[in-house]
Amino acid sequence: MAQAQTVARSATAPSVAILGAGVAGICTAIKLKQAGNTNFTIYEKAAEIGGTWRENTYPGCSCDVPLHMYQFSFDMRPDWVKKFVFAADIKAYLESVVDKYGLRPFIRFNTEIEEAHFDEPSGLWRLKSGASTFEANVLAAGTGQLHHPLYPNIPGRESFKGVSWHSAKWNHEYDIRGKKLAVIGTGASAIQFVPEIAKEAGDLTIYQRTPAWVAPRPQREFAPWEKSLYRAVPWLMNLQRYKIYWSGELLYWAFHNQGEKIKEGVKAEMELHVKDPAKRAALTPDYEPGCKRVLFANDWFPAMDRDNVHIVTRKITRIVEEGVETDDGKVEKFDAIVYGTGFDTTRFLGPMKVTGLAGRDIRDAWKGGAEAHLGMTVSGFPNFFMLYGPNTNLGHNSIIFMIECQANYIVQCVEKLRRDNLAYLDVKAEVQRASNQSVQDDNAKSVFASGGCTSWYKTAEGKVTNNWANYTFKYWWRTRRPNFAEFTLRSRSGNAHPEARGQGATVAAQ
């Protein structure tokens with residue numbers, strides 16, 4: 001094994017290892033720099049930054065959050081072309097942000113952290129990547145939820161003699177023109193790429209397990225005068241962000257109180273574009289809007305109306321050499337199969353092995369489903385923070401808002417370590433339990449926990465591990481300042497910090 005490479009540490013700036021150079025990692029690094037701490041390293045598994053916006057390059061890949069809420073609040077740009085932008089636009093924005101804030105010297109590319117172990121005597125996280133090892137006082141995981149492709153558990157998948165790929169690993173070398181294609185899955189990615197490939201494919205068959213609620217997306221281009229106005233009066237961009245933010249909060253309310261109106265609107269849109277009654281029946285969900293992710297697109301239903309597009313709702317029994325076999329015994333032959341089956345979302349932190357105090361494995365801590373206090377800290381894993389962690393995904397607003405809340409919280413915790421010369425802070429088990437119970441109580445009252453559908457929001461056992469089932473301003477309120485009474489604080493002498501003695505859980509529903 002290569003000699004350990006130790007990140008420089010000082011009493012004034014705890015070292016921070018940030019995992020991932022996507023939105024979360026970039027935001028955390030900027031917030032640390034703004035707080036005066038440059039003692040951090042971003043470990044990025046790939047050769048480029050961008051996270052999910054680097055990984056997903058399928059045709060039509062775009063963001064369904066209006067751009068004023070899908071850029072950092074501290075770096076708003078006036079020159080966007082459209083209200084909803086494509087993946088390449090977001091990646092270009094992130095690249096420019098990295099350069100603007102001078103982050104490239106802090107990034108170690110092609111370095112995937114495979115193991116992270118907390119060493120209690122030293123108060124250090126020891127990280128392993130291949131033959132290299134690293135150390136840091138604080139570990140901040142910005143590894144996200146949407147980058148490990150999930151393939152369906154269909155027998156015979158490897159036996160197919162044609163070409164196949166997952167939407168997150170798009171095969172740009174394959175010429176689809178005139179080909180007979182199968183798409184398995186109709187989730188958020190398929191809603192975007194199917195209309196694009198339907199234009200060129202000779203024949204396209206979609207194997208659908210469950211239809212989605214697909215609402216119109218109010219796409220538009222910005223007029224030149226709007227962009228000029230934003231350049232001249234930058235605070236107008238913040239005003240627009242404010243308006244979009246509160247519209248998102250109202251959307252959360254609508255999911256819980258106006259499901260019938262959403263249904264009516266989507267069905268009207270479908271009837272407008274899809275002439276075939278059989279196709280309309282196949283495309284109509286039988287569950288409440290929001291139980292699964294509500295999707296936004298303007299070209300999905302027109303694509304479904306194309307003569308070369310077919311919808312199959314029968315169960316796939318296996319993949320064979322020639323194509324796909326369904327439970328009626330019919331085998332359909334294809335040139336290529338595209339899996340639009342989403343991501344492994346409930347197995348947080350991906351394949352990385354994380355061990356905390358007394359060698360406790362985080363997978364053991366999460367046997368009943370992942371959880372964390374405020375989606376960030378896990379008891380028994382000191383100085384460890386997650387961004388976009390358990391129960392912080394949204395169905396109604398922008399994840400960037402949540403990530404900024406988390407980055408601000410983490411920076412304050414790092415400053416606490418520096419200011420009080422602490423070895424570590426570790427959220428108390430009873431605090432985590434109370435925090436998780438509050439979240440699960442919210443979820444139990446929400447459409448996310450509905451028994452009428454399965455979704456990537458919850459485990460196979462039914463525990464909602466991904467979504468925040470409340471208004472995001474409540475999350476901001478709870479994370480605006482860490483309550484250090486909720487943590488065990490350990491001084492560098494090895495004793496409990498006086499501030500932490502005798503303190504109990506204070507996180508009950510706030």
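Residue numbers run from 1 in the order of the sequence given. Just so it is clear, the values below take in all heavy atoms, side chains as well, and ignore hydrogens, waters and symmetry mates.
Thr326 contributes no side-chain N or O that, together with a main-chain N or O of Arg314, makes up a donor-acceptor pair within less than 3.5 Å. Judged purely by atom type and a 3.5 angstrom limit, His166 has no side-chain atom pairing as donor or acceptor with the backbone of Phe343. A side-chain donor-acceptor contact under 3.5 Å links Ser435 to the backbone of Leu374. Although no hydrogens or angles enter the test, the distance criterion places a donor-acceptor pair under 3.5 Å between the side chain of Asp89 and the main chain of Phe86. Between the side chain of Thr392 and the main chain of Trp468, no donor-acceptor pair closer than 3.5 Å is present. Distance alone, capped at 3.5 Å, is enough to place a donor-acceptor pair between the Arg480 side chain and the Trp477 backbone. A side-chain donor-acceptor contact under 3.5 Å links Asp361 to the backbone of Arg363. Under the 3.5 Å distance criterion, the side-chain polar atoms of Arg217 are left unmatched by any main-chain donor or acceptor of Asn298. Looking at Asn308, its side chain does come within 3.5 Å of a backbone N or O of Ala201 through a donor-acceptor pair. A donor-acceptor pair under 3.5 Å is absent between the side-chain atoms of Thr111 and the main chain of Tyr43, judged by distance alone.
Of the N and O atoms on the side chains of Asp203 and His310, at least one donor lies less than 3.5 Å from an acceptor on the other residue. Inspection of the Tyr245 and Thr472 side chains reveals an N or O donor paired with an N or O acceptor under 3.5 Å. Side chains of Glu249 and Asn397: a donor-acceptor N/O pair is present below 3.5 angstrom, by distance only. Between the side chains of Gln192 and Ser62, at least one donor N or O sits under 3.5 Å from an acceptor N or O. Thr377 and Gln432 share no side-chain donor-acceptor pair at under 3.5 Å. For Gln406 and Tyr475, the side-chain atoms include at least one donor-acceptor pair closer than 3.5 Å.
Lys31 pairs with exactly one of Phe72, Tyr409, Phe74 by the side-chain contact (heavy atoms from CB on, under 4.5 Å) rule, that one being Phe74. For the ring-ring contact (aromatic ring centres under 6.0 Å, His included) with Trp165, the qualifying choice from Tyr339, Phe160, Tyr174 is Tyr174, the only one to do so.
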Set out, in order, the CA-CA distance, both residues' side-chain angles and the distance that settles salt bridge (charged side-chain N to carboxylate O under 4.0 Å, His left out) for Lys179 and Glu200, then state yes or no.
CA-CA 8 Å; Lys179 299 295 197 304; Glu200 297 186 339; over 6 Å; no

Show, in sequence, the C-alpha distance, side-chain angles and deciding distance for Glu44 and Arg54, and conclude whether the salt bridge (charged side-chain N to carboxylate O under 4.0 Å, His left out) test is met.
CA-CA 12 Å; Glu44 170 52 54; Arg54 176 196 64 240; 3.2 Å; yes

Given the rule in the salt bridge (charged side-chain N to carboxylate O under 4.0 Å, His left out) test, do Lys330 and Glu332 qualify, once you have shown the distances and angles that lead to the verdict?
CA-CA 7 Å; Lys330 181 180 179 180; Glu332 193 74 24; 3.7 Å; yes

Let me see the working for Lys315 and Asp328 under salt bridge (charged side-chain N to carboxylate O under 4.0 Å, His left out), right down to the final yes or no.
CA-CA 9 Å; Lys315 181 181 179 180; Asp328 57 357; over 6 Å; no

Assess the residue pair Tyr101 and Phe106 against the criterion (side chain to side chain contact (heavy atoms under 4.5 Å, CB included)); give the C-alpha distance rounded to whole Å, side-chain angles, the decisive distance to 0.1 Å, and a yes or no.
CA-CA 11 Å; Tyr101 292 90; Phe106 297 88; over 6 Å; no

Side-chain donor-acceptor distances from residues 274-285 under 3.5 Å, at least two apart:
unit_1	atom_1	unit_2	atom_2	d
Lys275	NZ	Asp305	OD2	2.4
Asp276	OD1	Ala278	N	2.9
Lys279	NZ	Met304	O	2.6
Lys279	NZ	Arg306	O	3.0
Lys279	NZ	Val309	O	2.8
Arg280	NH1	Val274	O	2.8
Arg280	NH1	Lys275	O	3.1
Thr284	OG1	Arg280	O	2.6

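A distance of 6.0 Å or more separates the ring centres of Phe296 and Trp213. A centroid separation of less than 6.0 Å is found between the aromatic rings of Phe193 and Trp170.
Between Tyr230 and His68 the shortest side-chain heavy-atom distance falls below 4.5 Å. Counting only heavy atoms from C-beta outward, the side chains of Val23 and Leu94 approach each other to under 4.5 Å.
Salt-bridge check for Glu95 with Lys91: passed, with a basic side-chain N closer than 4.0 Å to an acidic carboxylate O. Taking the charged nitrogens against the carboxylate oxygens, Glu55 and Lys169 do have a contact shorter than 4.0 Å, which makes a salt bridge. A salt bridge links Arg104 to Asp99: at least one charged side-chain nitrogen sits closer than 4.0 Å to a carboxylate oxygen. Note on Asp79 versus Lys227: no salt bridge recorded, every NZ/NE/NH1/NH2 to OD/OE distance being 4.0 Å or above. A salt bridge links Arg293 and Asp64; the closest N-O separation between the charged side-chain nitrogens and carboxylate oxygens is under 4.0 Å. One finds a salt bridge joining Asp175 and Arg177 here, because a Lys/Arg side-chain nitrogen approaches an Asp/Glu carboxylate oxygen to under 4.0 Å. Ion pair Glu321/Lys333 not flagged as a salt bridge, since none of the NZ, NE, NH1 or NH2 atoms sits closer than 4.0 Å to an Asp/Glu carboxylate oxygen.
Taking the six-membered ring where the residue is Trp, Trp366 and Phe348 present perpendicular rings, their angle passing 60° and hence far from 30°.
Residue Thr317 comes nearest to Pro155 through the heavy atom pair O-CD, 3.5 Å, listed as atom of the first residue, atom of the second, then distance. Closest heavy-atom contact between Ser73 and Asn238: O-ND2, 3.9 Å.
Remark: Arg77 is not positioned above the aromatic ring of Trp80, lacking an NZ or CZ atom under 6.0 angstrom from the ring centre and at most 45 degrees off the axis. A cation-pi arrangement is present between Lys180 and Phe334 under the rule of less than 6.0 angstrom and at most 45 degrees off the ring axis.
Leu150 contributes atom CG, which lies 5.5 Å from atom OG1 of Thr341 (distance to the nearest 0.5 angstrom).
Within a 6.0 Å radius of NZ in Lys161, other residues, nucleotides and ligands contribute 12 heavy atoms or fewer. Summarising the local packing, OH of Tyr242 is surrounded by 12 or fewer heavy atoms from other residues, nucleotides or ligands at distances under 6.0 Å.
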